[in-house]
Amino acid sequence: MSNSELLTVEPLDLQFPFELRKQISCSLYLTNKTDNHVAFKVKTTNPKKYCVRPNTGVVLPRSTCEVLVTMQAQKEAPSDMQCKDKFLLQGVTASPGITAKDVTPEMFSKEAGYLVEETKLRVTYVAPPQPPSPVHEGSEDGSSPRASVSENGHASEFSFQRSSADKVEPQENTSEARALITKLTGEKQSAIQLNNKLQRELDQLRRDSKRSQSGIPLMYVLLIGLIGLILGYIMKST
């Protein structure tokens, strides 16, 4: 953040996640700290490489304006991932009621006596965000996670530690999965044994029921036979 009297600029470093053959944008936020209208103009040392919208405009009193800086798609990456491009933001107090259409290059001319406030900005390339890798990727090929490259060309220690933590996590999940499988297998075997026990008891009840049903006709036969003997005895007696 700049300490200018007219405009506060944030950020002072334009960070572009560098990717080949892809347009990349970065936002600038200009905050007017005064009670006056402030006209601004954005310049760059490499105008063919960048597109700035808007490159001129007016920031109302006590308000903020967003400026979008877009880097055109690049066919080659710099060997050291360093960028020497720079931007210059110029600000000047403007008359009340001025609009962006009223801003002219002469307003930023120091030779004409205007008090022009300038803020220099630099461009930095950063590594693009990496998509999350599958959990089993590191364990299958046996490769160790690679450290990402920071803007100064050195391996990023933080990124490497984060990748190492990601690699350990699948091992912990595998141990938990194995414990859960063992527990479920034991519960399945217990359920099978209980089912077999219940099946045996059910078969025993069925056999007992058949025996009871087969004994009832025999009792009837014996009873009828006894009644027949009694009647025969009575008839002989008479």
Side-chain angles (χ1 to χ4, degrees), residues 1-34 37-94 98-105 107-108 116-134 145-160 162-163 166:
M1 181 183 298
S2 65
N3 295 322
S4 303
E5 296 181 359
L6 298 179
L7 294 176
T8 298
V9 185
E10 188 177 2
L12 293 178
D13 290 343
L14 297 176
Q15 296 186 353
F16 293 93
F18 189 87
E19 294 185 59
L20 289 176
R21 299 177 178 85
K22 183 178 180 180
Q23 284 189 347
I24 307 169
S25 298
C26 180
S27 293
L28 275 177
Y29 296 95
L30 314 181
T31 301
N32 185 355
K33 302 183 296 183
T34 71
H37 288 64
V38 175
F40 70 89
K41 182 177 182 180
V42 181
K43 295 181 178 181
T44 178
T45 57
N46 197 343
K48 294 182 179 180
K49 184 177 178 180
Y50 300 94
C51 176
V52 182
R53 291 290 181 270
N55 59 350
T56 59
V58 177
V59 185
L60 300 179
R62 305 295 176 181
S63 63
T64 301
C65 175
E66 180 182 6
V67 176
L68 187 64
V69 181
T70 302
M71 183 177 66
Q72 304 299 325
Q74 301 297 302
K75 297 181 180 180
E76 296 180 356
S79 57
D80 54 358
M81 288 297 290
Q82 300 292 324
C83 183
K84 298 180 180 180
D85 300 333
K86 292 180 176 59
F87 283 81
L88 179 66
L89 176 70
Q90 295 178 313
V92 62
T93 302
I98 189 175
T99 64
K101 296 180 180 180
D102 301 327
V103 178
T104 61
M107 297 175 60
F108 304 94
V116 182
E117 185 179 82
E118 295 182 343
T119 302
K120 294 181 180 181
L121 311 172
R122 67 175 185 174
V123 177
T124 304
Y125 293 151
V126 296
Q130 298 296 328
S133 60
R146 296 180 178 179
S148 62
V149 179
S150 63
E151 61 184 43
N152 56 6
H154 297 289
S156 173
E157 181 180 0
F158 175 78
S159 299
F160 181 81
R162 180 176 58 185
S163 300
D166 292 342

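Since the model is a prediction, treat every value here as computed from it, not as a measurement.
- Residue Arg53 qualifies as open at atom CZ: its count of foreign heavy atoms under 6.0 Å is 12 or below.
- Using the six-membered ring where Trp is involved, Phe16 and Tyr50 have ring planes that are tilted, between 30° and 60° apart.
- Looking only at distances, no side-chain donor or acceptor of Glu76 sits under 3.5 Å from a matching main-chain atom of Gln74.
- The minimum heavy-atom distance between Ser25 and Leu68, with the atom names listed, is CB-CD1, 3.8 Å.
- Counting heavy atoms from C-beta outward, Lys120 and Lys86 have side chains that stay 4.5 Å or more apart.
- Rounding to the nearest 0.5 Å gives a distance of 7.5 Å between CG of Asn32 and CG of Leu6.
- Between Met71 and Tyr125, the closest side-chain pair of non-hydrogen atoms falls below 4.5 Å.
- One N or O on the side chain of Glu117 and one on the backbone of Glu5 form a donor-acceptor pair closer than 3.5 Å.
- When all heavy atoms are compared, the tightest approach of Thr8 to Lys33 is OG1-CD, 2.9 Å.
- Here the shortest heavy-atom pairing between Ala100 and Gly57 reads CB-CA, 4.1 Å.
- Under the side chain to side chain contact (heavy atoms under 4.5 Å, CB included) rule, Asp85 has a single partner from Leu14, Leu121, Val123, Thr124, which is Val123.
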Side chain to side chain donor-acceptor pair (under 3.5 Å) between Asn46 and Thr44, worked out:
CA-CA 5 Å; Asn46 197 343; Thr44 178; over 6 Å; no
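- Closest of all the heavy-atom pairs between Pro128 and Pro17 is CA-CB, 3.9 Å.
- Remark: Cys26 SG to Asp13 CG distance equals 9.5 Å, nearest 0.5 Å.
- In this structure, the separation between CG on Leu88 and CD on Glu118 is 4.5 Å, given to the nearest 0.5 Å.
- Residue Met107 comes nearest to Val116 through the heavy atom pair O-CG2, 4.3 Å, listed as atom of the first residue, atom of the second, then distance.
- Considering only heavy atoms from C-beta on, Pro11 comes within 4.5 Å of Leu28 through its side chain.
- Side-chain contact check for Leu7 versus Thr119: every heavy-atom pair is 4.5 Å or farther apart.
- Here the closest non-hydrogen pair linking Ser63 and Val59 is O-CG1, 3.4 Å.
- Atom NZ in Lys41 sits 11.5 Å away from atom CG in Leu89 (nearest 0.5 Å).
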For Gln23 and Gln72: C-alpha separation, side-chain torsions, deciding distance, then whether side chain to side chain donor-acceptor pair (under 3.5 Å) applies.
CA-CA 5 Å; Gln23 284 189 347; Gln72 304 299 325; 3.0 Å; yes
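- No more than 12 heavy atoms of other residues, nucleotides or ligands sit less than 6.0 Å from atom NZ of Lys22.
- Taking SG from Cys65 and CZ from Phe40, the interatomic distance works out to 4.0 Å, rounded to the nearest 0.5 Å.
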